[in-house]
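Each remark here refers to the structure printed beneath this line.
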Amino acid sequence: MTAQDIVIRPIITEKSMAGIQEKKYTFEVAPKATKIDVARAVEELFGVKVAKVNTLHVRGRMRRQGRFEGYTKSWKKAIVTLTAESKTIEFFESMV
């Protein structure tokens, strides 16, 4: 898998934006990706140094459309913490 296959998209929420001051960035990642895969992909894509990676599976939620109901898709989230001397990710800086 390439780095683009592992890191699918950034997560832009109030909670994830609050973590930027602590150099914590949140991404949706491939469900099969390991913490090591995610760390290497973020370092390759953004040119930063990763200190640690926390991952979690987000379960699909029940949704209704009139009389039809079903679940949204399940996905995997990664919270990437950068080292203190690492530069920041510019993409997120424009959002704050």
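- When every heavy atom of Val38 is checked against every heavy atom of Ala78, the shortest pair comes out as CG1-CB, 3.9 Å.
- A heavy-atom distance below 4.5 Å is found between the side chains of Ile12 and Met17.
- Asp37 CG to Ile6 CD1: the interatomic distance, rounded to the nearest 0.5 Å, is 4.5 Å.
- The shortest distance between side-chain heavy atoms of Val50 and Leu82 falls below 4.5 Å.
- Taking Ser16 as the reference, Thr13, Thr26 meet the side chain to side chain contact (heavy atoms under 4.5 Å, CB included) condition, with sequence neighbours excluded.
- Between Lys77 atom NZ and His57 atom NE2 the span is 12.5 Å, to the nearest 0.5 Å.
- The side-chain heavy atoms of Val29 and Ile8, taken from C-beta on, include no pair separated by under 4.5 Å.
- Environment of CG in Leu56: crowded, with over 12 heavy atoms of neighbouring residues, nucleotides or ligands closer than 6.0 Å.
- To the nearest 0.5 Å, the span separating CE on Met1 from CZ on Arg40 amounts to 12.0 Å.
- Here Lys73 pairs with Glu28 in a salt bridge; the nearest charged N to carboxylate O distance falls below 4.0 Å.
- Side-chain heavy-atom separations under 4.5 angstrom define the hydrophobic clusters, and the remaining members of the one that includes Tyr71 are Met62.
- What you find for Glu90 and Lys87 is that their closest heavy atoms are OE2-NZ, 3.5 Å.
- Following chains of ILVMFWY side-chain contacts shorter than 4.5 Å, one cannot reach Trp75 starting from Tyr25, and the two form parts of different hydrophobic clusters.
- In this structure the side chain of Val48 reaches within 4.5 angstrom of the side chain of Ile89, judged on heavy atoms.
- Between the CZ atom in Arg61 and the OG atom in Ser74 there is a gap of 12.0 Å [rounded to 0.5 Å].
- Here the NZ atom belonging to Lys24 is positioned 5.0 Å from the OG1 atom belonging to Thr81, to the nearest 0.5 angstrom.
- Within the 4.5 Å cutoff, side-chain heavy atoms of Lys76 are placed close to those of Thr55.
- In this view, Phe46 and Phe27 satisfy the ring-ring contact (aromatic ring centres under 6.0 Å, His included) rule, not counting sequence neighbours.
- Placement of Leu45 and Ile11 in two distinct hydrophobic clusters is found when ILVMFWY residues are connected by side-chain heavy-atom separations under 4.5 Å, directly or transitively.
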Go through the steps for Thr88 and Ile20 under the test side chain to side chain contact (heavy atoms under 4.5 Å, CB included), then give the verdict.
CA-CA 9 Å; Thr88 59; Ile20 290 179; over 6 Å; no
